Amino acid sequence: MALLPILHLPDPRLRRKARKVQTIDVSVQRLIDDMVDTMHDAHGVGLAATQVGVPQRVCVIEPPEGELLVLINPQIIERQGARKIPEGCLSLPGYQANVKRAEVVKAKALDREGKEVRVKADGLVAQALEHEVDHLDGIMYVDRLESLDELYEIKPEEGEQPEEAIEAGRGSNA
Ligand code: ZN
């Protein structure tokens with residue numbers, strides 16, 4: 001098990017567009033394992049390789065009591081509906097904002113064996129898919145706000161997190 005340091009804004013590496021993975025080799029497998037460990041340790045719902053300084057199109061998503069998704073070269077192929085929901089990010093600890101996201105998201109990707117997988121998600125997983133694919137393009141959720149005034153501080157030690165706060169850390173300030 002290896003924990004990777006999570007980059008925080010304004011680290012410029014968060015703004016790089018990640019490259020497509022060409023070969024799923026042992027280094028990609030190790031990256032995935034370390035990203036899963038890092039996500040668990042930070043109590044996050046998702047993590048993109050961009051956030052650990054690796055500019056490759058890999059992300060992991062795991063909602064509480066849900067299934068782990070390992071997505072290589074993920075692409076969102078369809079979005080349906082719209083909603084505004086609270087969102088946070090491990091790369092901007094201590095803050096959240098209400099972000100406009102789709103209600104249903106369909107994506108395709110490769111799994112860790114290189115097999116093509118299609119995911120249709122709503123709720124937290126749909127939100128995480130949009131959030132993590134954004135990271136791979138160098139986009140942070142704050143870019144989707146009309147104004148940074150929409151950010152509000154969260155103090156995890158003082159109360160419960162909204163359930164659907166992506167990466168906000170379910171009580172942790174990672
Ligand atoms: Zn994030």
Side-chain angles (χ1 to χ4, degrees), residues 1-76 86-97 99 105 107 109-114 117 119 121 123-143 154-157 160-174:
M1 158 158 175
L3 297 180
L4 306 168
I6 297 174
L7 307 181
H8 290 170
L9 274 182
D11 194 306
R13 287 172 289 177
L14 288 167
R15 298 313 200 162
R16 284 188 296 194
K17 199 170 153 74
R19 291 186 303 271
K20 247 178 129 169
V21 174
Q22 302 297 341
T23 313
I24 303 171
D25 57 13
V26 67
S27 71
V28 174
Q29 300 288 352
R30 193 184 312 120
L31 172 66
I32 291 165
D33 290 337
D34 291 348
M35 284 173 61
V36 171
D37 289 342
T38 303
M39 172 176 69
H40 288 160
D41 181 69
H43 303 287
V45 170
L47 189 70
T50 307
Q51 291 178 278
V52 293
V54 178
Q56 297 203 56
R57 302 190 80 82
V58 176
C59 67
V60 294
I61 293 172
E62 188 176 40
E65 290 151 44
E67 183 193 350
L68 172 67
L69 284 172
V70 172
L71 301 172
I72 298 170
N73 300 337
Q75 275 181 282
I76 291 177
E87 193 159 313
C89 179
L90 294 173
S91 295
L92 187 58
Y95 290 92
Q96 280 184 11
V99 181
V105 173
L110 301 178
D111 68 9
R112 64 182 303 163
E113 275 80 46
V117 287
V119 183
L124 187 57
V125 175
Q127 184 182 11
L129 278 169
E130 289 197 291
H131 184 107
E132 305 310 335
V133 172
D134 271 355
H135 271 305
L136 300 178
D137 289 326
I139 297 167
M140 296 280 299
Y141 78 92
V142 294
D143 304 338
I154 48 164
K155 296 190 176 72
E157 64 275 21
E160 294 272 306
Q161 297 295 306
E163 220 171 82
E164 62 272 41
I166 297 291
E167 291 183 15
R170 287 182 260 149
S172 151
N173 207 6

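A quick note: this is a predicted structure, and the numbers were derived from the prediction, not measured.
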Q) Checking Asn73 side chain against Lys20 main chain: does a donor-acceptor pair fall under 3.5 Å? A) no
Distance col, row Leu68:CG vs Ile32:CD1, nearest 0.5 angstrom, shows 9.5 Å
**OP:** Find out whether Leu92 and Tyr141 are in side-chain contact, i.e. whether some heavy atom of one side chain is under 4.5 Å from a heavy atom of the other.
**Re:** yes
Closest heavy-atom pair, Leu136 versus Ala48, reported as atoms and distance to 0.1 Å, is CD2-CB, 4.0 Å
**OP:** Ignoring hydrogens and angles, tell me if any N or O in the side chain of Glu130 forms a donor-acceptor pair with the backbone of Gln127 under 3.5 Å.
**Re:** no
Query raised in the report: With a 4.5 Å heavy-atom cut-off, do Leu69 and Val117 have their side chains touching?
Result: no
In short, Ser91 meets Ile6 closest at the heavy-atom pair OG-CG2, 4.0 Å
**Asked** Given side chains that start at C-beta, do those of Leu129 and Leu71 come closer than 4.5 Å, heavy atoms only?
**Response** yes
When every non-hydrogen atom of Ala109 is compared with those of Pro74, the smallest separation belongs to CB-CA, 3.7 Å
Please answer whether the main-chain N or O of Met140 pairs with a side-chain N or O of Asp143 as donor and acceptor at a distance below 3.5 Å.
-> yes
Rounded to the nearest 0.5 Å, the CD atom of Gln56 sits from the OG1 atom of Thr50 at a distance of 10.0 Å
Rounded to the nearest 0.5 angstrom, the CG-CD1 distance for Leu110 and Ile72 is 6.0 Å
So NE2 of His135 and CG of Leu7: to nearest 0.5 Å the spacing works out to 10.0 Å
>> Using side-chain contact (heavy atoms from CB on, under 4.5 Å), reason through Val54 and Arg19 one step at a time and then give a plain yes or no.
In response: CA-CA 9 Å; Val54 178; Arg19 291 186 303 271; over 6 Å; no
When every non-hydrogen atom of Val125 is compared with those of Pro63, the smallest separation belongs to CG2-CG, 3.6 Å
Taken in chain and number order and not counting sequence neighbours, the residues that satisfy side chain to side chain donor-acceptor pair (under 3.5 Å) with Asp111 are none
Next on the checklist: Between Glu132 and Val60 (side chain of the first, backbone of the second, donor and acceptor by atom type, cut-off under 3.5 Å), is there such a pair?
Outcome noted: no
Subject >> Close side-chain approach of Glu62 and His40, heavy atoms under 4.5 Å >> reply: yes
Residues Cys89 and Gln51: closest non-hydrogen pair is SG-NE2, 3.7 Å
Worksheet item: Any donor-acceptor pair under 3.5 Å linking the side chain of Thr38 with the backbone of Leu4?
Response: yes
For residues 3-14, the salt bridge (charged side-chain N to carboxylate O under 4.0 Å, His left out) pairs (sequence neighbours left out) are Asp11-Arg13
For Val58 and Met35 the tightest heavy-atom approach is O-CE, 3.7 Å
Would the distance check show the side chain of Arg16 and the main-chain N or O of Gly53 forming a donor-acceptor pair, the cut-off being under 3.5 Å?
yes
Practice problem: Verify whether one side chain among Asp25 and Ser27 offers a donor that lies under 3.5 Å from an acceptor in the other. | Solution: yes
Discussion item. I'd like to know if the side chain of Arg15 reaches the main chain of Gly138, judged simply by a donor and an acceptor atom lying under 3.5 Å from each other, with no hydrogens or angles considered.
Written reply: yes
